[in-house]
Amino acid sequence: MKQKLFWGILAVGYLLLCINSVNIGGDFDVYLHAAEKLSRGENIYDPPFLNGLKYYYSPFFALALTPFCQQPFAIELFWLILLGGMMLRVWQLIKYQFDTNIFSQRTLYLWTLLSFFFALRFWLYNVAMIQVTIFLLWAMMESVHQLNKGRNIQAAGLLALAINVKILPIVLLPYWLYRGRVKAVGWLCGFSMLLLYLPSLFLGQEQNAFLLAEWWEVINPMNGEHLIETETNAQSLVGLIPAYFMEMEGEFPFKRNWLNLSVAQVHQLTNLIRLLLIALSLWFLGRPFQKPRSSLAEFRALAYMLMIVPLIFPHQQKYAFLFAYPMIAYLCYYCVLKWTHKRDRPFLLFGSALALCLLVFSPLVGADIIGRYAYDLIHYFRLLSIATLGLVVLALLARPKHIEGIIAKL
């Protein structure tokens with residue numbers, strides 16, 4: 001009875017939050033504005049933009065939204081309710097990877113609470129901004145789950161849709177190839193081509209080809225606007241590296257840069273670190289074209305690839321760091337297990353480092369709590385990106401064999 005009451009209160013609270021977000025407006029308004037422009041035969045990648053916000057998504061996504069242009073409140077509320085269900089499914093997919101039978105009910109609640117608490121801030125950002133990040137995270141994890149169940153077509157179709165909406169989920173393409181999932185990759189390429197050219201049936205082949213070319217111009221990572229991002233909210237590597245390695249003006253008078261490199265040198269350094277983060281994926285994955293060492297090791301590898309998405313791609317803001325949620329859950333599980341069974345000195349150092357990194361992720365650093373000045377200062381120094389790089393180091397240290405070794409002794 002208490003559990004039903006809890007979920008009832010939570011559902012009502014979430015519904016009120018969704019209604020408030022729709023009334024205020026968010027990024028979904030930009031998607032609907034692009035859909036409306038598309039219905040009038042206009043170029044959705046050219047001004048004017050709603051509130052000056054450029055449309056970065058595919059022609060297919062805009063076309064799919066055209067029937068809903070006249071009912072913005074209904075479609076946005078429906079989308080947010082759908083995202084709530086997707087977030088619950090993401091947690092279910094995460095929980096599925098861990099042995100929770102070794103936990104008492106209280107310890108299980110502790111792990112659940114910690115995992116959700118340190119992702120709460122970014123979940124709320126996505127709901128407030130009516131974003132697509134939750135959908136992308138769910139689609140990526142669900143597609144891998146379906147792939148592991150042998151459902152190649154369902155997995156490929158879902159991932160193709162996510163890639164078409166926003167290019168970020170393409171990181172799973174090399175992952176599938178690395179695991180030798182050739183049939184699934186074939187289906188993925190087929191579905192991707194279908195979604196790219198399906199709008200031709202409604203827009204005409206010439207107009208669709210033009211829009212695809214325009215879309216590529218917008219998302220091309222070699223565009224000048226994606227090489228160095230100076231605005232405070234830019235939290236990817238192209239925002240972090242320039243802040244510390246070249247002299248540039250900011251919103252605060254505090255000096256950040258350690259070196260005064262040229263633009264070309266900063267670009268090279270950014271790409272070098274980006275390649276290093278990508279190369280580390282191979283260390284997490286182990287040998288190619290073979291079964292993973294364990295399901296837990298495979299989950300850690302997937303969580304790592306998701307976590308570095310907002311770092312390696314340009315134009316990523318704070319809401320994109322929800323991609324770190326699976327890795328946060330993994331590291332919290334590691335700490336809770338170690339705390340309850342092996343409180344040695346190395347663990348205490350690890351736990352302290354994790355707490356320091358996750359403090360930047362927590363709702364405790366929200367503008368309403370620490371004040372707008374301190375909040376903006378955290379973003380000015382790109383502490384969110386730095387904390388994520390810290391999680392990369394901790395993910396390397398928190399090896400699955402340590403977890404499996406403790407469980408084997410229980």
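Start at 1 with the first residue, then count along the sequence.
The minimum heavy-atom distance between Y55 and V30, with the atom names listed, is CD1-O, 4.3 Å. Between L396 and R399, the closest heavy-atom pair is O-CG, 3.5 Å. Nearest heavy-atom pair across Y56 and V218 is CD2-CG1, 3.2 Å. In plain terms, the two heavy atoms of Y14 and I81 that are nearest each other are CE2-CA, 4.2 Å. Across E404 and L296, no two heavy atoms sit closer than the pair OE2-CB, 4.0 Å. Summarising the geometry of A162 relative to L136, their closest heavy-atom pair is O-CD2, 3.6 Å, with the distance given to 0.1 Å.
Ring geometry, W79 versus F135: the interplanar angle falls from 30° to 60°, so the pair is classed tilted.
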Just do the ring pair (Phe, Tyr, Trp, His ring centres under 6.0 Å) check on Y330 and Y333 with the steps written out, would you? CA-CA 5 Å; Y330 175 86; Y333 182 93; 7.7 Å; no
Test ring pair (Phe, Tyr, Trp, His ring centres under 6.0 Å) on F68 and F78; report intermediate values, then the result. CA-CA 11 Å; F68 309 105; F78 174 76; 8.4 Å; no
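Atom CZ of residue F313 and atom NZ of residue K166 lie 10.0 Å apart, to the nearest 0.5 angstrom. Put simply, CD1 on I370 and CD1 on I378 are 3.5 Å apart, with the number rounded to the nearest 0.5 Å. Summarising the geometry, atom CD1 belonging to I386 is positioned 9.0 Å from atom CZ belonging to F381; distances are rounded to the nearest 0.5 Å. Distance SG/C18 to CD/E76: 11.0 Å, rounded to 0.5 Å. Atom CD1 of I134 is separated from atom CG of L137 by 8.5 Å, given to the nearest 0.5 angstrom.
For the ring-ring contact (aromatic ring centres under 6.0 Å, His included) criterion with W91, the lone passing option out of W138, W111, F116, F98 is W111. With F361 as the fixed residue, the ring-ring contact (aromatic ring centres under 6.0 Å, His included) test singles out one of F117, F118, F323, F122: F122.
Side chains of Q131 and Y125 form no contact here, defined as non-hydrogen atoms less than 4.5 Å apart. The shortest distance between side-chain heavy atoms of F28 and P72 does not fall below 4.5 Å.
No side-chain N or O of Q92 forms a donor-acceptor pair with one of Y96 less than 3.5 Å apart.
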